[in-house]
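Predicted, not measured: the structure shown is a model, and the values here were computed from it. Every heavy atom of this structure was used, including side-chain atoms; hydrogens, water molecules and symmetry mates were not.
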Amino acid sequence: QVQLVESGGGLVQAGGSLRLSCAASGRTFTTYAMGWFRQAPGKEREFVVAVSWSRGSTYYADSVKGRFTCSRDNAKNTVYLQMNSLKPEDTAVYYCAAGFRPYSSESDYVNERTYNYWGQGTQVTVSS
C-alpha cells in the first residue's frame, strides 16, 4: 500500500504563486511515475503534470507550461508542484497520484488510469 498526502493548497490572488507538496509513504521503492491532476467544479479531472521517478523527465499540460514546475526529491519520496502566474481558471482540487507500472510513452503519463494510488486532494482557489 502507498499513502499520498498533499499539502500547500489555499487561496491566492491572480498572478500569485503556490507550492504544492505530495509526500508518499509505504511501498514507494517501485514507483515509476508521480503525477498531478486537478478537478474544477462541474468538470472532469484533468492532467496537469507528471514526472518519471527514475529519470526525472516531466510532462506538462499545455495549459500550465511555462507557469508550473514539477520537481521531485527521491530521498524524501516527495513531489512538488510550483505554480506561478496563477489564473482563476487554475481553481480546482489538485490530486497527487503514483503509478507502479512501466510507462512507455507520454500518453501513459497523461492517462489517469495508469496511476494506482491517489491522494485526498488539496483545494487551490485563485481569485480575480
Side-chain angles (χ1 to χ4, degrees):
Q1 283 290 339
V2 174
Q3 294 77 43
L4 302 175
V5 178
E6 301 105 332
S7 60
L11 173 64
V12 65
Q13 289 187 334
S17 299
L18 282 174
R19 188 193 194 205
L20 305 184
S21 299
C22 175
S25 61
R27 192 198 71 171
T28 58
F29 58 90
T30 56
T31 302
Y32 280 90
M34 292 191 73
W36 288 96
F37 292 77
R38 66 186 182 186
Q39 187 168 22
K43 295 186 177 181
E44 293 187 351
R45 189 160 56 189
E46 65 175 3
F47 169 78
V48 177
V49 61
V51 57
S52 165
W53 201 246
S54 59
R55 299 193 309 273
S57 305
T58 50
Y59 307 89
Y60 293 90
D62 288 342
S63 59
V64 306
K65 282 181 181 177
R67 300 187 299 121
F68 290 12
T69 302
C70 182
S71 61
R72 79 201 194 290
D73 185 329
N74 294 52
K76 295 182 179 180
N77 291 319
T78 300
V79 64
Y80 305 96
L81 182 62
Q82 178 66 42
M83 305 185 294
N84 299 328
S85 302
L86 282 162
K87 305 175 181 179
E89 50 263 44
D90 294 318
T91 295
V93 177
Y94 283 70
Y95 297 92
C96 173
F100 291 85
R101 45 148 286 179
Y103 287 70
S104 59
S105 67
E106 182 172 351
S107 61
D108 284 348
Y109 289 94
V110 173
N111 185 354
E112 65 176 65
R113 296 181 181 180
T114 65
Y115 294 85
N116 306 93
Y117 296 94
W118 293 81
Q120 81 286 353
T122 185
Q123 177 70 47
V124 171
T125 303
V126 184
S127 63
S128 57

- [ ] To the nearest 0.5 angstrom, please state how far the CG atom of Asn74 sits from the NZ atom of Lys76.
- [x] 12.0 Å
Distance-minimising heavy-atom pair for [X] and [Y]:
X      : Y      : result
Gln82  : Ser17  : NE2-CB, 3.9 Å
Tyr95  : Gly119 : CD2-O, 3.7 Å
Gly121 : Val93  : CA-CG1, 3.8 Å
Cys70  : Val79  : SG-CG2, 3.6 Å
Pro88  : Ala14  : CD-CB, 4.1 Å
Lys87  : Val126 : O-CB, 3.2 Å

Main-chain N/O of [Y] paired to [X] side chain as donor or acceptor, under 3.5 Å:
X      : Y      : result
Thr114 : Asp108 : yes
Tyr115 : Tyr109 : yes
Glu46  : Arg38  : no
Glu6   : Gln120 : yes

- [ ] Check whether Phe68 and Trp36 end up in the same hydrophobic cluster, where Ile, Leu, Val, Met, Phe, Trp and Tyr are linked by side-chain heavy atoms less than 4.5 Å apart.
- [x] yes
Task: Test applied, side chain to side chain contact (heavy atoms under 4.5 Å, CB included); reference residue, Met34; option that passes from Val49, Val51, Thr78 - done: Val51
Find out whether [X] and [Y] are in side-chain contact, i.e. whether some heavy atom of one side chain is under 4.5 Å from a heavy atom of the other.
X     : Y     : answer
Phe47 : Val64 : no
Thr69 : Tyr60 : yes
Met83 : Val12 : no

Open item on the list: Whether Lys65 and Asp62 form a salt bridge (side-chain N of Lys/Arg under 4.0 Å from carboxylate O of Asp/Glu) is what I want to check.
Closed with: yes
TODO: Check ring pair (Phe, Tyr, Trp, His ring centres under 6.0 Å) between Tyr117 and all other residues, then give those that pass, not counting sequence neighbours.
DONE: Phe100
